[in-house]
Structures are given as C-alpha cells and as structure tokens.
Colleague: 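Submitted below is the structure of interest, expressed as structure tokens.
If you read the sequence from its start, that first residue is 1, and numbering goes on from there.
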Amino acid sequence: MARSNYNNKIIKALHDGFKVREGKSPTNCALIFAYNGTGKTRLSWDFAHSRRKKDQAPHTLYYNAYTEDLFTWDNDSENEGANVHLNIDTRSSLIQGLKGSDIITPLVNYLSVFTDVEPTLLYEGDDAEMFSGVKFTRTIYTPVIDSETGEKIIDSETGKAVLQPQQSGNIKISRGEERLFVWCFFRCILDHVIGGDSSYSNIRYVFIDDPMSSLDDNNVIAFASQLYDVIRQAQEKVMADFRKDPFEAGKEGDYVKFIISSHHALFFHTMSHGLSGDKSLRQYYLNRDRQTNAIVLKSLDSSTPFYYNVAMMYELQQAIYVKDKLYTYHFTILRGILERIRDFFGQPDFKLIFEGMEYYETKLTGDRLTDFVSRTLNVLTHQASMFQPTLLNDDNKKLIKAIFDWLMYKYKFGIPDLADYRSEKTIKAAKDKA
C-alpha cells in the first residue's frame, strides 16, 4: 500500500509536467532516469491503471515486461525444432487493435535496421485477419561452385567468389533479436496510435519502460533513434495546433504523450540528445530514499548534478576499462558530463574543471590545455557521432581516458555497479552484514 501511495504522488507529478505553462510550448514527452530496483515497471503498471474508471477503455499503451510476456516460444520439440516459432497472445487489446491490418511491410522495414532476420506472420484456420504467431528465417550467402571443377566461381571484375542467396529453415532468434522484434512490432502499433486509428482512439499515453536489456551499444542508439523519431513526429502535430491557437491547444488529454523510463545511461543520453529541440521536454530521475525506502521523482535540470552524471561516468568507465571499446559518441557523453559540472558551478566554460590537469601526450597546461580539450570536444561532438558510431583512434582514446581519470581524481565520483539489479537498501544491508 505504501508503494502505491508513493506512486500516486509520482503519477500526479508526471501529469502536472504535461500541463502547459504560461509562455511555454507544450511537450509530449517525459524522460525518467532510474537505476534498476527502483520500481520502474511497477510505476508503468500503476500509471496505466490510474485515473481509470471501472469498465473504461485503457488510456495508456505500455511497453514493459508485461508486453514481452505476450510473446512466447514454441520450440516444437517433437519435430526437433523444425517448426519453431514465436506465439503472439492475441487476447490482449494491445494486439486486437491490429486485426485486419497489414503490418508486415513496416515490420520488416523497422526490423531490418537492427538485424537480417526475416519475419513471416502466421495465421490459423480461416481467420485471415488475425495473426497468431511469427516465424523467422535468415538469408545466407554461399559461394557458387563450378559443377565441373568443384572450385568456387570467381567474379573477374571484383576477384571475389560469386555468392548465391540461400534461405535458412525456421530459426530461433537470440534474446537480443527477440527484444528488437517485439519493439518493432510495438512500433507498428505506435504508427496506428499516432495515425489516429479508431482502434486506439482512447490512448492518451504511451509508457515505455526500460527496453534496453540484451542490446549492444550500437543497437541501443539505433533503438533510441527510432523512438525519438516517433515522438518528434507526434510533437510536430502538437506544435502545429499550438501555433494556430496557443490558448486552447496542448491541454493535457488532447494529444498522445510519451513517458520513457530507463536505467541505461547511453539510452537516456541519446533520447535527451535527440529530443533537444523540445524546449519544454520534461526530464526526471527516480530514486529510492535510503531511509524510508520510498520512491521519489525529482526534476532534472542543468543545476542538478545527481546520479545521471554518475551513471554516465559508469558508462565511460565500462567502455575504457572493461570493454576497451571507445566510440565517437563517448565524447558526446563526456561533453554532457563536463557541461553539467560547468553549469553546476555557474561557470561560462570548462576552465575551472581542467585547472591543474596535466596531459602527458602534449606539453600543454593551463589555459592552453583547456582550449585544446574544448576544441577537440567541439570537433568530435558536432559530427553525427551519436548515430554513426565509429571507433576512436589511439590518440583520442588516450585523451578521453586522461579526461576521465582527471574527473575521477578531482571530483571523487563514487561509481556504483549499475549492473547490480538489487535495490540500494538491499545492497547497503549486504555491505553492513559483511
């Protein structure tokens, strides 16, 4: 009951965040950053069932662990997996709204961004309007063999073996690919919601909870890019109405609004970056109070150092010392951290941050070093690096590591293990016991 009360306060704060403020344009999105174990999934469930009268149609479309449970594998053990496929629970109103719709073309297009698996929807009996599952295949390219010589046929122009496509049988895709398929399926539903499909006319909110498990960094960015494209398209309609009549347009309830929660720092950063054109975008962090164990929602603005910086430092720490893979977008992450530190101290530039730093790859110190680092950050972060990830060369890897180590030394960041799914209270209790 206590958790429900706390969530009621959070739900009210989220609703209030969508209300139009005098002199401000409306927003259609709220981003929530939260570590695992703080209750994000429960919040999405509570939000979807709040302010809803008995027998009233749902007002919230949510994408979370419950959504993924609508998709279950039939491994076809009796036939050694020959007909393995993913069942779709069509009893859900989420799925029922697609009855009679042809979604295979957009579904294939959306999924092709992430993987080369090819989905085919399955239909049962005479009901050609409602699919019941999906099977997956993959096209494999094999060398063409000369029937006489038994050797590979070589293309005279390219000097490479001539390849021929060959489709695999039904396959069971990886967990990461499954998550991406479910997302692309959900994306098709979003198209219907935003397009004004009567089957989803009651939907006023879309709550997407932590969709990042099992995805590598590049897919995280591609995923976020698809999502904020949808949100921006919907926002353009809101703004068009707002420009026509700023006094009436944008009232809460008049348009579809998105709430996105995640513990994934890179995903959160990419979403924030992609939606930066929305000047009224609401950004929050969800935290569990160490003393009361209550969940608290706090607004995130440029003056708030909080856990987001810590999470981004964790992201860099993993990339530098664990994965040993640094991409151009890590400079964008680093710049975001530096800007928050700069704004927190009320400074116009990064001079305060780099005061006292030495970088042994150059002989620069003081203001000259600050200018060098600032110029490098400007060059690397104004490329399309968030969306076309490229591995850093050795010189830039050394620079980003030097800056990271300096920030750790100067500001004494305490970086928790964000891969630990236990709540803060449980982690603290385990440490105290030890």
Colleague: Within the structure provided, determine whether Ser50 and Asn8 are in side-chain contact (heavy-atom separation under 4.5 Å).
Modeller: no

Colleague: Is there a donor-acceptor pair closer than 3.5 Å between any side-chain N or O of Glu315 and the backbone N or O of His330?
Modeller: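 No: the side chain of Glu315 does not pair with the backbone of His330.
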
Colleague: Quick check for you: to the nearest 0.5 Å, what is the distance between Leu70 atom CG and Asn87 atom CG?
Modeller: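 Separation between the atoms: 11.5 Å.
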
Colleague: Any donor and acceptor pair, going by atom type alone, linking the side chain of Ser101 with main-chain N or O of Ile103 inside 3.5 Å?
Modeller: no

Colleague: Do Glu118 and Thr139 pair up side chain to side chain, a donor and an acceptor below 3.5 Å, judged on atom types alone?
Modeller: yes

Colleague: Any side-chain heavy atom of Phe413 within less than 4.5 Å of one from Tyr314?
Modeller: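 Contact flag for Phe413/Tyr314 side chains = no.
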
Colleague: So which heavy atom on His192 is nearest to which on Cys188, and how close?
Modeller: CD2-O, 3.1 Å

Colleague: For the side chain of Lys410 and the backbone of Met408, is there at least one donor-acceptor N/O pair under 3.5 Å apart?
Modeller: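 Such a contact is absent between Lys410 side chain and Met408 backbone.
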
Colleague: I need the minimum non-hydrogen distance between Tyr411 and Leu352, along with the two atoms involved.
Modeller: OH-O, 4.3 Å

Colleague: Could you walk me through whether Tyr359 and Lys398 pass side-chain hydrogen bond (donor to acceptor under 3.5 Å, both in side chains), step by step?
Modeller: CA-CA 9 Å; Tyr359 181 46; Lys398 290 176 182 177; over 6 Å; no

Colleague: Is the shortest heavy-atom distance from the side chain of Val206 to the side chain of Ile231 under 4.5 Å?
Modeller: no

Colleague: Return the orientation label for the Trp406 and Tyr409 ring planes: parallel under 30°, perpendicular over 60°, tilted otherwise.
Modeller: tilted

Colleague: Return the minimal non-hydrogen interatomic distance between Pro58 and Ser93, and the atom names on each side.
Modeller: CG-OG, 4.4 Å

Colleague: Between Phe47 and His15, how do the two ring planes meet: parallel, tilted or perpendicular, split at 30° and 60°?
Modeller: parallel

Colleague: State, to 0.1 Å, how close Tyr62 and Ala48 come at their nearest heavy-atom pair, and which atoms those are.
Modeller: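 For Tyr62 and Ala48, the tightest heavy-atom pair comes out as CD2-CB, 3.3 Å.
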
Colleague: Please check if the side chain of Asn75 supplies one atom and the backbone of Ser77 the other of a donor-acceptor pair under 3.5 Å.
Modeller: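 Judged by distance alone, no pair lies under 3.5 Å.
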
Colleague: Side chain to side chain contact (heavy atoms under 4.5 Å, CB included) for Phe207 and Phe258? Distances and angles first, verdict last.
Modeller: CA-CA 6 Å; Phe207 201 127; Phe258 295 80; over 6 Å; no

Colleague: Identify the heavy atoms of Leu297 and Tyr284 that sit nearest to each other, and give their distance.
Modeller: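 Taking every non-hydrogen atom into account, CD1-CB, 3.5 Å.
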
Colleague: Does any donor atom in the side chain of Ser299 or Gln283 lie under 3.5 Å from an acceptor atom in the other side chain?
Modeller: no

Colleague: Is there side-chain contact between Leu107 and Val134, with heavy atoms separated by less than 4.5 Å?
Modeller: no

Colleague: Angle class for the Phe404/Tyr321 ring planes (parallel below 30°, perpendicular above 60°, tilted otherwise)?
Modeller: tilted

Colleague: Is it the case that the side chains of Asp76 and His85 hold a donor-acceptor pair, with the cut-off being a distance below 3.5 Å and no angle test?
Modeller: no

Colleague: Mind checking the CG-CD1 spacing from Leu180 to Ile173? Nearest 0.5 Å is all I need.
Modeller: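 Rounded to the nearest 0.5 Å, the CG-CD1 separation comes out at 8.5 Å.
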
Colleague: Under a 4.5 Å cut-off applied to non-hydrogen side-chain atoms, are Leu286 and Ile10 in contact?
Modeller: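 Yes, close enough: below the 4.5 Å cut-off.
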
Colleague: Step by step, would you call Ile194 with Tyr200 a side chain to side chain contact (heavy atoms under 4.5 Å, CB included)?
Modeller: CA-CA 9 Å; Ile194 296 171; Tyr200 298 98; over 6 Å; no

Colleague: Restricting to non-hydrogen atoms, name the atom on Gly17 and the atom on Thr27 that form the minimum distance, rounded to 0.1 Å.
Modeller: O-CG2, 4.1 Å

Colleague: Please lay out, stage by stage, how Asp229 and Arg232 fare under the test salt bridge (Lys or Arg N to Asp or Glu O under 4.0 Å).
Modeller: CA-CA 5 Å; Asp229 276 347; Arg232 288 197 306 201; 3.1 Å; yes

Colleague: Out of Tyr228, Tyr285, Phe33, which one pairs with Phe268 under the ring-ring contact (aromatic ring centres under 6.0 Å, His included) rule?
Modeller: Phe33

Colleague: Quick one: NE2 on His59 to CG on Asn202, what's the gap to the nearest 0.5 Å?
Modeller: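 That separation rounds to 10.0 Å.
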
Colleague: Side chains of Asp191 and Tyr110 only: does a donor on one sit below 3.5 Å from an acceptor on the other?
Modeller: yes

Colleague: List the steps and the verdict of side chain to side chain contact (heavy atoms under 4.5 Å, CB included) for Ile189 and Leu94.
Modeller: CA-CA 8 Å; Ile189 296 174; Leu94 172 76; 3.7 Å; yes

Colleague: For residues Leu190 and Leu61, determine if any side-chain heavy atom of one lies less than 4.5 Å from a side-chain heavy atom of the other.
Modeller: yes

Colleague: Working note: Asp209 + Tyr66, criterion side-chain hydrogen bond (donor to acceptor under 3.5 Å, both in side chains); need CA distance, chi angles, decisive distance, verdict.
Modeller: CA-CA 10 Å; Asp209 168 48; Tyr66 298 105; over 6 Å; no

Colleague: Would you compute the distance between atom NE2 of His269 and atom CG of Leu31 and round it to the nearest 0.5 angstrom?
Modeller: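 Reported to 0.5 Å precision, the distance equals 12.0 Å.
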
Colleague: Do Arg52 side-chain atoms and Gln56 backbone N/O form a donor-acceptor pair below 3.5 Å?
Modeller: yes

Colleague: Carefully, step by step, assess Asn170 and Phe136 under the rule side chain to side chain contact (heavy atoms under 4.5 Å, CB included).
Modeller: CA-CA 6 Å; Asn170 292 353; Phe136 299 94; over 6 Å; no

Colleague: For Tyr123 and Phe131, take the angle between the two ring planes, folded into 0 to 90°, and tell me which bin it lands in: parallel under 30, tilted 30 to 60, perpendicular over 60.
Modeller: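 It falls in the perpendicular class, over 60°.
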
Colleague: Side chains of Ser199 and Asp197: any donor to acceptor distance under 3.5 Å?
Modeller: yes

Colleague: Could you walk me through whether Glu68 and Arg179 pass the salt bridge (Lys or Arg N to Asp or Glu O under 4.0 Å) test, one step at a time?
Modeller: CA-CA 8 Å; Glu68 294 179 350; Arg179 294 290 297 261; 2.3 Å; yes

Colleague: With a 4.5 Å cut-off on side-chain heavy atoms, are Ile259 and Ile208 touching?
Modeller: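 Contact flag for Ile208/Ile259 side chains = no.
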
Colleague: Going by the angle between their ring planes, with limits at 30° and 60°, are Phe223 and Phe114 parallel, tilted or perpendicular?
Modeller: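 If you compare the ring of Phe223 with that of Phe114, the planes turn out tilted.
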
Colleague: Lys351 vs Asp349, test: salt bridge (Lys or Arg N to Asp or Glu O under 4.0 Å). Steps then yes/no.
Modeller: CA-CA 6 Å; Lys351 183 176 180 179; Asp349 52 40; over 6 Å; no

Colleague: Could you walk me through whether Lys401 and Asp405 pass the salt bridge (Lys or Arg N to Asp or Glu O under 4.0 Å) test, one step at a time?
Modeller: CA-CA 6 Å; Lys401 181 181 181 298; Asp405 290 343; 2.9 Å; yes

Colleague: Would you say that more than 12 heavy atoms from the other residues, nucleotides or ligands in this model lie under 6.0 Å from the CZ of Arg368, or not?
Modeller: no

Colleague: Could you tell me whether the side chain of Ile171 reaches within less than 4.5 Å of the side chain of Lys135, counting heavy atoms only?
Modeller: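 No; the side chains remain at least 4.5 Å from each other.
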
Colleague: From His49 NE2 over to Trp45 CH2, what is the distance, rounded to the nearest 0.5 angstrom?
Modeller: 3.5 Å

Colleague: Which one of Thr60, Asn7, Asn64, Thr67 satisfies the side chain to side chain donor-acceptor pair (under 3.5 Å) criterion with Ser44?
Modeller: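 Testing Ser44 for a side chain to side chain donor-acceptor pair (under 3.5 Å) against Thr60, Asn7, Asn64, Thr67 leaves exactly one candidate, Asn64.
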
